[in-house]
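Notes for the one structure printed next.
Starting from 1, each residue takes its place in the sequence as its number. The analysis underlying the following values was restricted to heavy atoms, covering all of them including side chains, and did not include hydrogens, waters or symmetry mates. These figures come from a predicted structure and were not determined experimentally.
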Amino acid sequence: MSRHVAIVTDSTAYLPAPAMERHGITAVPLTVVLGDQALEEGTEISARSLAAALQDRRPVTTSRPSPETFARTYRSLAAAGATGIVSLHLSSEFSGTHDAAVLAAREATVPVRVVDTGMVAMALGFCALAAAEAADAGGSPDEAAAAAEKRAGGTSAFFYVDTLDYLWRGGRIGAAQALLGSALAVKPLLQLEDGRIGPLERVRTASKAIARLEEIAVERAGSADVDVAVHHLAAPQRAEDLAERLRERVPRLVDLHVSEVGAVIGAHTGPGLLGVVVSAR
């Protein structure tokens, strides 16, 4: 093909490395600040190291990539032959990553479409894959961006956390703040809604919460062709068990991904996180 549309996302998409390599997707890293150290997600700090730091109650914050980081990425892709770029990022309600990409796009030497997907984790990752598939088929930047936006519209994310404390401390709790008053008495189920974290249900025990998370995922999948991702932080067996049950219960499951979230999302959810993303094809 004479034209080449490059796909960029950020490190919170948690895409499997083989998928990124197959489609040539570039992920720009966010930063985790651990004490006085600024560490790039995915290369300089692992989820396990982050979980240990949280359990030791060490101070952890996160920060967006700089506009210059995006500018370097866009320049590199243009130099490699890209004639257009689609840059897809986590919800602007969570991070200034989208804004940094917009600033860099203004100075790029090729057209850059920046998309606020309103998503995070594999909810964002599925959007990036949809854009990449459209680009691989010869689509324009506008067509690739539209494919990502369509995928976002058919994607839902639900998750369980052992405690709301990390979300509250990080300022990411949004409408779910209503659950704080009874946080000691319930195990909260949360959802991504309009790019924010919102309350879904209150359940009395962890086991009941996880069972309910499974039911919600099966209900959301329905009879459509869907991809599913199961995420966790420091709870691998819990995630594998849930994934196995979803393999048996989702009738038209296409792809299933199981992965530990990275340090940026983990810093705001804490160890024990269990999340499910359901994305219609």
Side-chain angles (χ1 to χ4, degrees), residues 14 47 51 54 91 93-94 118-126 152-168 170 172-261 265-266 268-281:
Y14 306 133
L54 291 173
S91 172
E93 296 287 343
F94 299 154
M119 298 290 167
V120 73
M122 273 300 294
L124 167 59
F126 287 132
T155 297
S156 301
F158 313 99
F159 61 104
Y160 159 82
V161 290
D162 278 335
T163 173
L164 291 169
D165 185 47
Y166 298 103
L167 285 164
W168 177 74
R172 301 304 198 277
I173 201 166
Q177 186 153 351
L179 294 175
L180 275 173
S182 56
L184 295 178
V186 301
K187 291 296 184 181
L189 291 178
L190 307 170
Q191 64 181 332
L192 268 182
E193 187 174 34
D194 299 325
R196 301 179 181 183
I197 295 171
L200 183 60
E201 293 182 8
R202 307 179 187 195
V203 186
R204 289 292 176 184
T205 67
S207 60
K208 289 181 179 178
I210 293 168
R212 183 62 186 135
L213 189 66
E214 177 184 338
E215 292 301 324
I216 291 167
V218 172
E219 291 166 9
R220 177 63 183 83
S223 59
D225 289 336
V226 296
D227 296 325
V228 172
V230 176
H231 288 303
H232 72 93
L233 180 63
Q237 193 59 55
R238 181 184 278 179
E240 287 291 349
D241 291 346
L242 176 58
E244 189 58 39
R245 293 193 298 271
L246 291 175
R247 283 189 187 97
E248 296 172 356
R249 297 192 61 195
V250 176
R252 296 178 65 178
L253 179 63
V254 181
D255 285 327
L256 177 64
H257 304 270
V258 182
S259 66
E260 191 163 35
V261 299
I265 299 306
H268 296 293
T269 60
L273 163 75
L274 189 62
V276 180
V277 177
V278 180
S279 184
R281 282 270 177 166

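Under the side-chain hydrogen bond (donor to acceptor under 3.5 Å, both in side chains) criterion, Ser207 pairs with Thr205, sequence neighbours left out. In this structure Arg252 satisfies the side-chain hydrogen bond (donor to acceptor under 3.5 Å, both in side chains) test together with Asp225, sequence neighbours excluded. Applying the side-chain hydrogen bond (donor to acceptor under 3.5 Å, both in side chains) rule to Arg247 yields the partners Glu244; only residues at least two apart in sequence or on another chain are considered.
Here Gln191 contributes atom CD and Leu200 contributes atom CG; the two are 4.5 Å apart, rounded to the nearest 0.5 Å. The distance from atom OG1 of Thr269 to atom CD1 of Ile197, rounded to the nearest 0.5 Å, is 8.5 Å. One distance of note links OG of Ser259 with CG of Leu233; it measures 11.0 Å at 0.5 Å rounding. In this structure, CG on Leu213 lies 10.0 Å from CZ on Phe159, to the nearest 0.5 angstrom.
Contact between Arg220 and Ser156 at its shortest, heavy atoms only, is NE-OG, 2.6 Å. Listed here is the closest heavy atom pair of Val250 and Ala221: CG1-CB, 3.7 Å. Nearest heavy atom pair, residue Val278 against residue Ala217, reads CG2-O, 4.0 Å. Of all heavy-atom pairs between Ala243 and Val258, the closest is CB-CG2, 3.5 Å. For the pair Leu189 and Ala209, the tightest heavy-atom approach, listed with the atom from each and the gap, is CD2-O, 3.7 Å. Contact detail for Met122 and His231: the closest heavy-atom pair is N-NE2, 3.1 Å.
Using a 4.5 Å heavy-atom cutoff, the side chains of Phe158 and Leu190 are not in contact. Between Phe126 and His257 there is a side-chain heavy-atom pair separated by less than 4.5 Å. The side-chain heavy atoms of Glu214 and Leu242, taken from C-beta on, include a pair separated by under 4.5 Å. When side chains are defined from C-beta on, Val261 counts as touching Tyr14, because their heavy atoms get closer than 4.5 Å. Residues Glu93 and Ser91 are in side-chain contact: their nearest non-hydrogen atoms beyond the backbone lie under 4.5 Å apart. Using a 4.5 Å heavy-atom threshold, the side chains of Val277 and Val230 count as separate. Side-chain contact between Ile210 and Leu274: present, with at least one pair of heavy atoms (C-beta onward) separated by less than 4.5 Å.
A donor-acceptor distance shorter than 3.5 angstrom exists from the side chain of Glu260 to the backbone of Ala234, with no hydrogens or angles considered. The backbone N or O of Asp227 sits nowhere less than 3.5 Å from a side-chain atom of Asp255 that would complete a donor-acceptor pair. Judged by distance alone, the side chain of Lys187 and the main-chain N or O of Val161 form no donor-acceptor pair under 3.5 Å. Without hydrogens or angle criteria, Arg238 side chain to Gly272 main chain gives a donor-acceptor distance under 3.5 Å.
Look at Arg212 and Glu219 and you find a salt bridge, because one of the NZ, NE, NH1 or NH2 atoms lies within 4.0 Å of a carboxylate O, short of that distance. A salt bridge is defined here as a Lys NZ or Arg NE, NH1 or NH2 lying under 4.0 Å from an Asp or Glu carboxylate O, and Lys208 with Glu201 fails to meet this definition.
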Exercise. His232 and Tyr160: ring-ring contact (aromatic ring centres under 6.0 Å, His included), yes or no, with the steps?
Worked result: CA-CA 9 Å; His232 72 93; Tyr160 159 82; over 10 Å; no
For this session: Walk me through it: do Glu215 and Arg249 pass the test side chain to side chain contact (heavy atoms under 4.5 Å, CB included)?
Result: CA-CA 9 Å; Glu215 292 301 324; Arg249 297 192 61 195; 2.7 Å; yes
Exercise. Should Val226 and Val254 be marked as a side chain to side chain contact (heavy atoms under 4.5 Å, CB included) after you check the CA-CA gap, both sets of side-chain angles, and the distance that decides it?
Worked result: CA-CA 6 Å; Val226 296; Val254 181; over 6 Å; no
